[in-house]
Amino acid sequence: MKMVKKPKVSVDKIESHDEAEKAAHVLRDAIRFHNYRYYVLDSPIITDEEFDELFLTLIALEEKFPDLKSLDSPTQQVGGAPREELGLVTHTIPMVSLKTVYEEDAVRSFDQTCRSELGVDELEYIAEPKFDGVAVELVYENGRLVVASTRGDGETGEDITANIRTIKEVPLVLMSYEGEEPPSRLVVRGEVYMGIDIFNELNRQRLEKDEQPFANPRNAAAGSLRQLDPMITAGRSLQIFVYGVAEATGRDFATQWEALHTLPKWGLKVNTNLIQVCKGIDKTLEFHRQLGESRDDLPYEIDGVVFKVNSIASQDKLGMRARSPRWAIAYKFKPRQATTKLRQITVQVGRTGRLTPVAELEPVNIGGVEVARASLHNLSEIERKDIRIGDTVIVERAGDVIPQVVKPIEDLRDGTEVVFQMPSQCPICGGEVVITEDKRTASCTNIGCPAQLRRSISHFACRGGMDIEGLGMKRVDQMVDAGLIKGFASLYTLTVDELAELERFGEKTAQTLVDQIAKTKQQPFHRLLFAMGIPLIGAETAKVLASHFGSMERLMKATEQELIEIDSVGPEVAQSLISFFSSDTTRQMVTELEEAGLTLSAEEEVAPGEKPLDGLKFVLTGVLTRWTRTEAASLIESLGGKVASSVSRKTDYLVAGDKAGSKLTKAQKLGVTILSEDEFAELTGST
Ligand code: IVH
């Protein structure tokens with residue numbers, strides 16, 4: 001069955017058991033998927049509010065049809081799967097989460113329930129900010145930090161001790177500031193977060209290095225905390241607020257207030273400034289309103305207020321639900337939204353030749369930030385949300401850097417709105433644009449397109465291609481920016497003087513690079529053929545073509561029929577070759593390459609069974625859409641490559657699927673060549 005990302009289920013309307021079973025299945029699939037996006041990939045694609053709605057629907061369904069409750073239902077579990085590479089930690093007391101509400105009524109009914117359970121007229125609450133970061137547990141034994149972990153699935157989390165130790169606000173050894181010795185065993189819980197300034201600076205640096213920016217400080221904190229390399233975490237200036245005690249041997253606290261005011265005496269960081277004791281629910285609601293108004297002035301993100309019954313004895317009486325305590329509730333703030341006019345949808349061409357539609361908005365202030373543009377991601381998103389040019393739209397900034405167009409307000413349409421069409425020609429170079437069947441990707445096919453040039457040159461220079469040592473992405477960028485490269489052949493006419501002018505180059509580096517480039521003139525013909533980046537022509541197909549036709553000249557003259565007759569060449573590949581070689585740009589390029597002295601004919605036959613990826617080490621990360629990890633791994637192995645589980649200096653390629661996480665960052669840091677799914681498909685000839 002196909003997974004539905006946001007299934008719409010009305011529990012009230014479900015009567016038959018069959019129907020209920022189906023709905024439970026669909027909901028569970030979706031919840032597991034979103035848990036995975038949130039916890040494992042650090043990259044949710046729905047809001048917390050939407051997630052909670054799915055979760056609450058499943059709870060309601062399971063209550064109506066109790067026999068549907070099963071141990072493997074997400075309702076019986078908190079959170080998602082931990083990353084095993086980090087090592088696992090079992091929490092002695094499960095790390096539950098909080099019931100989340102969005103309306104005042106729900107808070108009042110929470111108060112009502114607590115009061116009637118405890119038989120009191122008024123309750124004392126402690127109101128705390130709900131910090132938007134990553135939940136962690138710190139275990140201190142005899143005053144020393146022994147283990148730190150993430151929540152994981154609530155029972156078992158990831159061992160992040162080495163990373164936590166890099167956070168300056170986390171004491172490695174507890175103190176006794178005001179004479180009180182810390183307990184022999186102390187287990188505390190808190191939130192690791194990234195300050196907004198640090199976050200903005202990190203993203204600025206990432207953009208400069210052409211790395212994917214983090215969507216929001218929470219993702220940045222999560223990504224930084226779950227690094228396999230603590231050095232990376234150390235560079236990210238994370239912070240912590242401790243908000244609870246799970247165990248404190250020999251030390252009983254009468255109230256949450258007392259606990260939170262004792263922890264700092266042992267050196268633990270608590271946000272005592274923004275914590276308040278509130279007598280009665282009205283005061284807590286007032287606190288929520290006030291904090292909601294001042295949240296934009298804080299140097300870190302909060303996304304709501306947590307109300308906890310202050311007395312620990314009352315907390316114990318109230319007890320727990322399956323996945324959350326009965327004595328606490330999170331009252332979230334409304335997402336920062338505004339409505340505005342969508343004036344136009346423009347199209348940006350990225351460095352990979354990918355076309356991204358962008359909403360040009362009538363400028364609007366959302367939470368202190370002026371928003372005039374928002375990414376619309378892709379054609380499929382635009383069609384799914386039915387966003388039209390001229391629409392009045394709801395724009396949201398859920399703590400995210402990149403604002404989102406939530407949806408159009410259809411009632412405000414006057415008939416003049418225009419449905420967006422993805423251009424059939426690239427707005428940069430006029431080249432043909434191809435759109436994938438699922439409408440999620442549109443790309444310019446002209447290899448001469450300036451936006452594409454960087455990518456073509458990088459591909460040309462890559463290991464499986466011409467293998468130009470020392471010519472990575474950054475240098476290619478520099479050269480293209482300086483106007484030194486117009487096409488493949490211009491690499492071979494670069495001079496030491498030209499290169500030496502570039503930043504971080506110098507004469508010696510320039511000379512080495514010129515020599516390295518010149519050396520590759522001898523690369524065999526099949527390599528050049530692959531390096532040219534002809535759509536659908538991977539390393540393997542390039543070899544077959546080179547050995548079949550023997551020279552560029554003959555290949556260029558091949559008819560579609562002749563091409564199809566080759567065993568491993570299908571009609572699409574044949575078509576791709578024909579259209580590639582029939583273009584004037586290609587013909588011109590081939591002439592230039594010949595003049596530059598490259599090898600345009602096969603001197604030797606390809607040895608049967610030769611493996612194009614022989615000896616190359618691959619690491620896979622993120623979500624691939626065409627293969628499972630296992631399939632991708634066997635593909636690599638069948639071509640002679642090896643697959644490792646973690647990135648190191650020895651890695652040749654990192655294949656990064658959608659929303660790749662820490663492996664990607666590490667690969668970037670180590671300068672490992674990163675392949676997108678498409679590039680990987682090309683390399684392995686499996687497009
Ligand atoms: S108390 C038993 N207090 O919100 C209660 N949680 O679903 C456990 N959070 O990711 C949580 N600020 O890390 C509590 N002041 C606060 C909090 C807080 C943020 C996070 C927590 C978890 C989520 C709860």
Side-chain angles (χ1 to χ4, degrees), residues 35 38-39 42 44 48-49 51-52 55-56 74 77-80 82 91-102 110 114 125-138 148-155 157-158 160 164 187-194 216-219 221-222 225-226 238-247 253 255-257 259-261 263 268-278 284 287-288 291 295 298 300-310 312 314-316 318-333 399:
N35 267 336
Y38 187 100
Y39 291 106
D42 295 329
D48 289 357
E49 196 164 339
F51 179 82
D52 289 341
F55 204 91
L56 293 174
Q77 188 195 24
V78 188
H91 305 296
T92 44
I93 297 173
M95 270 180 95
V96 291
S97 66
L98 290 169
K99 182 175 168 174
T100 305
V101 300
Y102 302 90
F110 156 77
C114 289
Y125 293 100
I126 181 153
E128 306 171 13
K130 185 170 186 303
F131 307 108
D132 201 6
V134 186
V136 296
E137 176 176 271
L138 310 178
S149 54
T150 61
R151 184 169 63 178
D153 63 8
E155 303 285 335
E158 297 140 328
I160 48 160
I164 282 284
V187 180
V188 294
R189 309 247 164 105
E191 197 86 350
V192 167
Y193 67 95
M194 184 178 284
N216 52 47
R218 172 166 42 76
N219 285 7
L225 204 51
R226 300 167 79 214
L238 295 171
Q239 290 174 275
I240 191 168
F241 284 126
V242 174
Y243 54 63
V245 177
E247 285 178 64
F253 299 105
T255 60
Q256 167 78 359
W257 177 263
L260 292 186
H261 284 82
L263 296 175
L268 290 159
K269 179 101 188 253
V270 176
N271 187 325
T272 37
N273 287 336
L274 289 178
I275 289 172
Q276 215 176 71
V277 175
C278 303
T284 60
F287 180 83
H288 178 270
L291 202 55
R295 66 186 286 216
L298 294 174
Y300 47 84
E301 283 283 355
I302 59 173
D303 59 348
V305 174
V306 184
F307 303 139
K308 300 174 184 170
V309 170
N310 195 17
I312 307 283
S314 303
Q315 287 185 2
D316 291 344
L318 287 163
M320 305 289 290
R321 275 185 230 95
R323 74 190 287 253
S324 56
R326 280 184 222 279
W327 45 264
I329 199 162
Y331 182 13
K332 285 244 200 149
F333 296 134

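Reckoned from all heavy atoms, side chains included, excluding hydrogens, waters and symmetry mates. Whatever order the structure lists them in is the order used to number ligands and atoms, beginning at 1. Note that the structure is a prediction, hence the values are computed from the model and not measured. One-based numbering along the sequence shown.
Heavy atoms of S324 stay at 4.0 angstrom or farther from ligand 1. Within the structure, the closest approach of R189 to ligand 1 does not fall below 4.0 Å when heavy atoms are considered.
The residue among V192, V96, T150, I93 with a heavy atom at the shortest distance from atom 8 (C) of ligand 1 is V96. Nearest to atom 4 (O) of ligand 1 by heavy atom, out of Q256, K99, R218, K130, is K130.
When the options K130, H288, Q276 are evaluated for a side-chain contact (heavy atoms from CB on, under 4.5 Å) with V305, the one that passes is H288.
Here R226 pairs with E158 in a salt bridge; the nearest charged N to carboxylate O distance falls below 4.0 Å.
Counting heavy atoms closer than 4.0 Å to ligand 1, residue M95 contributes nothing at all. Under 4.0 Å from ligand 1, heavy atoms of F131 appear from its side chain as well as its backbone. The side chain of E128, and not its backbone, has at least one atom closer than 4.0 Å to an atom of ligand 1 (non-hydrogen atoms only; side chain from C-beta on).
Below 3.5 Å of separation, one finds an N or O of L98 facing an N or O of ligand 1. The shortest N/O to N/O separation between G190 and ligand 1 does not fall below 3.5 Å. For W327, no nitrogen or oxygen atom sits less than 3.5 Å from a nitrogen or oxygen atom of ligand 1, counting backbone and side chain alike.
When each atom of ligand 1 is checked for a heavy atom of A135 under 4.0 Å away, the hits are 10 (O), 13 (O). Near V306, meaning under 4.0 Å from any of its heavy atoms, are these atoms of ligand 1: 3 (N), 15 (N), 16 (C), 17 (C). When each atom of ligand 1 is checked for a heavy atom of P325 under 4.0 Å away, the hits are 2 (C). Near P129, meaning under 4.0 Å from any of its heavy atoms, are these atoms of ligand 1: 12 (N), 15 (N), 16 (C).
More than 12 heavy-atom neighbours from other residues, nucleotides or ligands sit within 6.0 angstrom of NZ on K269.
No hydrogens or angles considered: a donor-acceptor pair under 3.5 Å links the side chains of Q256 and E128.
Less than 6.0 angstrom separates the ring centroid of F241 from the ring centroid of Y300.
In this structure, Y243 OH and N271 CG are separated by 13.0 Å, a value rounded to the nearest 0.5 Å.
Judged by distance alone, with hydrogens and angles left aside, the side-chain atoms of N310 form no donor-acceptor pair with the main-chain N or O of V277 at under 3.5 Å. At distances below 3.5 Å, not a single donor-acceptor pair connects side-chain atoms of R326 with backbone N or O atoms of G319.
For H91, there are no ring-ring contact (aromatic ring centres under 6.0 Å, His included) partners, not counting sequence neighbours.
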